[in-house]
Amino acid sequence: MSDTKHNTEDYLRMYRQMVRIRTFEDNANQLYLSAKMPGLTHMYSGEEAVAVGICEALTDSDRITSTHRGHGHCVAKGAEFKAMFCELLGKEEGYCRGKGGSMHIADQSHGNLGANAIVGGSMGIATGSALRAKLQGAEDVTVCFFGDGATAQGLMYEVMNMAALWNLPVIYACENNGYSEYTKTEEIAAGSITARAEAFGIEAHQVDGQDVLGVNALMQDLVPRARKGEGPFFVELMTYRYHGHHVGDINREYYRAKDEEQDWKENRDPIIRMRAWLVEQGIASEDEIEAMNSEIREDAAAAVDYALKAPYPDTREVDMHVYTDIAHACA
Amino acid sequence: MSDTKHNTEDYLRMYRQMVRIRTFEDNANQLYLSAKMPGLTHMYSGEEAVAVGICEALTDSDRITSTHRGHGHCVAKGAEFKAMFCELLGKEEGYCRGKGGSMHIADQSHGNLGANAIVGGSMGIATGSALRAKLQGAEDVTVCFFGDGATAQGLMYEVMNMAALWNLPVIYACENNGYSEYTKTEEIAAGSITARAEAFGIEAHQVDGQDVLGVNALMQDLVPRARKGEGPFFVELMTYRYHGHHVGDINREYYRAKDEEQDWKENRDPIIRMRAWLVEQGIASEDEIEAMNSEIREDAAAAVDYALKAPYPDTREVDMHVYTDIAHACA
Amino acid sequence: MREITLSKAVNEALAEEMRRDETVFIIGEDVAEAGTPFKVLSGLVEEFGTDRVLDTPISEPGFMGIAVGAAMTGARPVVDLMFGDFLFLIMDQLCNQAAKSYYMSGGKLNVPLVLRTNLGATRRSAAQHSQSLHALVAHIPGLKVAMPSSAYEAKGLMKTAIRDDNPVVIFEDKLMYNDKAPVPEEEFLIPFGQANIKREGRDVTLIGTSSMVQVCEAAAETLAAEGISAEVIDPRTIVPLDEATLLASAKKTSRVIVVDEGHQSFGVTGEIASRINEKAFYHLDAPVLRMGAMDVPVPFSPALEDITVPTPEGVAEAARRLMSGEMIHAA
Amino acid sequence: MREITLSKAVNEALAEEMRRDETVFIIGEDVAEAGTPFKVLSGLVEEFGTDRVLDTPISEPGFMGIAVGAAMTGARPVVDLMFGDFLFLIMDQLCNQAAKSYYMSGGKLNVPLVLRTNLGATRRSAAQHSQSLHALVAHIPGLKVAMPSSAYEAKGLMKTAIRDDNPVVIFEDKLMYNDKAPVPEEEFLIPFGQANIKREGRDVTLIGTSSMVQVCEAAAETLAAEGISAEVIDPRTIVPLDEATLLASAKKTSRVIVVDEGHQSFGVTGEIASRINEKAFYHLDAPVLRMGAMDVPVPFSPALEDITVPTPEGVAEAARRLMSGEMIHAA
Ligand SMILES: Cc1ncc(C[n+]2csc(CCOP(=O)(O)OP(=O)(O)O)c2C)c(N)n1
Ligand SMILES: Cc1ncc(C[n+]2csc(CCOP(=O)(O)OP(=O)(O)O)c2C)c(N)n1
Ligand SMILES: [Mg+2]
Ligand SMILES: [Mg+2]
């Protein structure tokens, strides 16, 4: 935070990316509520500082793996609204040609190796990407995003062990939003999450996931160290999801108090915090910020419109992409 | 060790059980070398103090789960030679009617829930047995035996987490014999094994696995505490296997020095140590011990003889015991 | 007779069996207060408490293993696996442990557990939340496999499953949870291995599993209007399979179509078709036709997903082809 | 032509491909200095170093996941899974991740990896080390499945598999590692989806996979002596399956037996038999017969194990029954 003047652009971009995520989610939720989106989806709103703080420390050749709650990672790693909304609606122009949908969304060209509908399912993939980097002498780092709930999957311990033994350039980013589905983290996680990583000899950090600058500062330290072979690292980011587990989880007082939600939204919102800081530091005026916000809103609205009108994939695509070399798997 | 006089019988039984295991293994190895045993088998020789020190702290209603290296656990938990050798040879009178063999051997009536040929495969089973005990208000404790290599299986972390959350009466007994197959433990285990358990909030101990009295003393403390709901516990027992990974692993200098083997055999053998202590404490004379040893040797020889002559199961048994209620699964 | 939803039917079956037998308990993710994401278990924790309706961390292999151990030692766990797709995570505990324990122990250690899970596409849940994987489980000796086709079967088969002394896997169709059917108030069980002739017919036999029974019934309606009399049979359990009923119908109609929602290749349709071909060959006027789901991962896009599964129109069309003798030229 | 063992053939294939393509590496347990328990990989680590022949901890799901990630990002891992039975541990990474990535990403993220594993009973290894689980893998779209029947196929198919841009699973028969066959010194590849007519015949077609090809050839010898001319076909890959060659033979001989070492029910024999029944029905003089392994867990006892798998005598006997027309009465 010392380089305020020099990093003006970076700060504005972080803010912008967080607002883009929030705006994307607001639209996705609206599409669900108005029955225009097939299926369900998991909102990232509230957790923006995590994806943005991390991805802003990465280059395009760095990789990430994402989760069922993956829109935020996707935007933060460089995706565009149009192809994202198209994917959400199952349209041909979606990043996955409509075959993936919300739970598999990814802008693969920016190093996103895919959202994953298996909780913890991407931990091996991220670690393998890092192994490939090491074996091939590439300099990229891979960040593995996952939730607190995913720490219950044994796969995590298997791959952390190998990452530690082999000093792989991977950073495990645990987004601890206090819940997995309808259950509080303390009911499903014994002991300490960071201690689990430390037991494998992995340097672990816990950080406020609502503070984008704090998250980014930590990552600006860890990413280059990982590139140099000092990894792996483990980061637990304390955060919160504003919506229910998915868009359909509306009456949730039986597991989570409204007061708690309100407290996080009002007092710890990452966007509000960053906005106040930008203004306070004189990096942007309220007007400039409002202008940015509306531009993003318009962008999103246009992309939604576009996606709603975009065509579905041709039905002949149904058995394409099963194999790389067999045009139609069922022919 | 203060109660030397009162516990004479216990001490003698511990010694006896260790010798029984060693003798069983010597015979099994011989059966292999003389091509009388089908398949391969994994010798427990060298690790006797672990199984015996632990099982002597258990009652018949306590449960254990065992491993591919399971003969020692089986003997220690109360099995007889005859049915064991019959099982090893695939005979009808084996504990598993010849269907299990060495890797699934178990005297089920003494609470042995089975050897297991999947490394780490029994960790859930042991934890589930403990859950059942808790749910039903039973007082039994379950001990889960597994090797250092098995700590690489994610399942272990999943079930330790649940055992810790639910305070289950289970004791995880990690037999760290320095190797998994042909690989040294330090090459496959990052960080610290006990710290991994501690990270889940589980009390963990490391103990000399060649000292049967030390192992037993620790278990005499932990087992009653587990019964009272103070579990789970984790114990890492430092031990050594004298033979190769299995009976066929004979030329093993490429991964393990002969000197190292010799050192363990000569200077840390659990049976030699216990024998010296028994004599020194005046609990048994050399002669008495020799007599005990030869009695065990004769027992084993007779059992081998019996098993060699015993009949194979009738071929009609091949599709029995697939289901409890379908006499012949393929009929 | 009163009509209740499939969801309610399962709930009733569980409640009745839990009242009858104290050793029955439920274990899985968000099964307690949340009553599962599909709300199938709502109310059970209120009646039976958190000791018998156990919320777990997201550790499918772990809690499956725990269930095996609990079942081996005197409890009757009902495991709740939220999506059938997660079977891939628990295959070792299910297929290497639960399925084989009774056999490997020579008839000593049986595993009376029920695994409740689901199948079914067209819910817009994409490739990792839409699979119908019952064929995999049916391939493994030692497991029984039930596939209820309505609320009635869901209740009767669940009760039978819980009383069965073997591991049983029940696949509910997640699209059918809200479908109602007449279900008696009085207690009833449906024996395993007894197919149900849903509709009698002369010209063609339609064998359907799970929701495909409805598809076959709808096809039969259409065909009836055209003067083609279709017999519809629901095997109800595919292991054990009521071959006799299927063969009798095949011999009567001489034409058979097998409809199942699993992938067609190497799946259920091949098994059933083969048995009929083998044992009713000389009675058949045409080859047994198979209609499974397409051999493609389930796509998200509604435009694609809907064409991957058998439909009433498709089945009716196939029946017409069979009747027209057109097959002769194809084969 | 020189004759080499199947083991040596695999070793050569790997060495050649690793020389040709730097991105190929091997990952698995005890693959380096130990060269696997079956010694198939002996010498490779000496040539390629521990960076390309990677020893892992006993973490099958972990290293399978790592391979997926490495493959997605530009490497070509060959995963060594020590026993086919351990497939149950890696199904999620194999079937939910590797198999579906290309499809879910709309053709963007392919996974060029090879999973080397084995099948085959009668090694006295009991139920958890003797399974032939290829049918499970074949059921999942997105995976290719190769089943070499001799050293020649083992080499040619392995080389093709490594160059394939899709995930390929190769099942070697662990009983055949020391079997020799003529294998050219010059480089060759065997394309996927091309069956091999091992022996031409007129009267009956014997389709065998993996070691069952030998069984069929032996049966054909016996039958020839009796004046029955059997055609023996090896599909070589079951996904993709060379239907055309199988159908042509079926139409020529009018009688078919399918022999496979997987469990018979819900397995490979049902699929192949059904396809032939469907598409060559009016050419068949008798139903297609199936001979799989018995539907029982593999028993340890030699007296039982040997009768669980198809034998040349059994196949010859079935062929005689087919020829005699006896089937008419059975069906
Ligand atoms: C293997 C697996 N088990 C269960 C689920 C169902 N499920 C989807 S999200 C979720 C909770 C995940 O919690 P967490 O990892 O904390 O992520 P969050 O949703 O809080 O972002 C569960 C149980 C799943 N998708 N995959
Ligand atoms: C899941 C699984 N992976 C691999 C193997 C092959 N295997 C058998 S024993 C063994 C080593 C086990 O090491 P450890 O747990 O330390 O036990 P030890 O043999 O030293 O007693 C391996 C890799 C197996 N049986 N199961
Ligand atoms: Mg969470
Ligand atoms: Mg060991």
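Each chain gets a letter, A, B and so on, in the order the sequences are listed, and its residues count up from 1.
For chain D, no part of A:D140 is nearby; none of its heavy atoms comes within less than 4.5 Å. There is no contact between D:V168 and chain A, counting heavy-atom distances below 4.5 Å. Proximity to chain D (any heavy atom under 4.5 Å) is shown, for A:D325, by both the backbone and the side chain. Of the atoms belonging to A:M320, it is backbone heavy atoms, and not side-chain ones, that fall under 4.5 Å from chain D. When heavy atoms are compared at a cutoff of 4.5 Å, D:I27 approaches chain A solely by way of its side chain, counted from C-beta outward. With a 4.5 Å cut-off on non-hydrogen atoms, A:I326 touches chain D through its side chain but not through its backbone. The contact between D:D92 and chain A is made entirely by side chain atoms (from C-beta outward), counting heavy-atom distances below 4.5 Å. Of the atoms belonging to A:L113, heavy atoms from both backbone and side chain fall under 4.5 Å from chain D. No part of A:V170 comes within reach of chain D, as not one of its non-hydrogen atoms sits under 4.5 angstrom from that chain. Using a 4.5 Å cut-off between heavy atoms, D:N96 touches chain A through its side chain atoms alone. Contact annotation for A:D107: neither backbone nor side-chain heavy atoms come within less than 4.5 Å of a heavy atom of chain D. Contact annotation for D:E60: only backbone heavy atoms (N, CA, C, O) come within less than 4.5 Å of a heavy atom of chain A. Residue contact with chain A, scored on non-hydrogen atoms closer than 4.5 Å, involves the backbone and the side chain of D:F63 alike. When heavy atoms are compared at a cutoff of 4.5 Å, A:L168 does not approach chain D at all.
Note: A:F234 and A:Y172 have tilted aromatic rings, judged against thresholds of 30 and 60 degrees for the angle between ring planes.
For chain D, the option among A:R132, A:R63, A:H321 with the highest count of heavy-atom pairs below 4.5 Å is A:H321. Comparing A:M162, A:R97, A:E317 by how many heavy-atom pairs each has under 4.5 Å with chain D, the most go to A:M162. No other option in A:T142, A:I118, A:T127 has as many heavy-atom pairs under 4.5 Å with chain D as A:I118. Most heavy-atom pairs under 4.5 Å with chain A, from the set D:Q97, D:M72, D:R52: that is D:Q97.
Between D:D164 and the options D:R76, D:K159, D:K144, a side chain to side chain donor-acceptor pair (under 3.5 Å) holds for only D:K144. When the options A:F145, A:Y44, A:F24 are evaluated for a ring pair (Phe, Tyr, Trp, His ring centres under 6.0 Å) with A:H71, the one that passes is A:F24. Evaluated for a side chain to side chain contact (heavy atoms under 4.5 Å, CB included) with D:E187, the options D:E12, D:K155, D:E16 yield exactly one hit, D:E16.
Formation of a donor-acceptor pair under 3.5 Å by the D:Q194 side chain with backbone atoms of D:D242 is not found in this model. The backbone N or O of D:M147 sits nowhere less than 3.5 Å from a side-chain atom of D:S210 that would complete a donor-acceptor pair. Of the possible donor and acceptor atoms, none in the side chain of A:N161 sits under 3.5 Å from a partner among the backbone N and O of A:Y157.
For the 3.5 Å distance criterion, the side chains of A:Y306 and A:E93 qualify, holding a donor opposite an acceptor.
Annotation for A:G78 and A:H110: closest pair O-CE1, 3.5 Å, computed over non-hydrogen atoms.
Under the 6.0 Å cut-off for aromatic ring centres, D:F86 and D:H129 qualify, their centroids lying closer than that.
Contact check for A:S66 versus A:N116: no side-chain heavy atoms found under the 4.5 Å cut-off.
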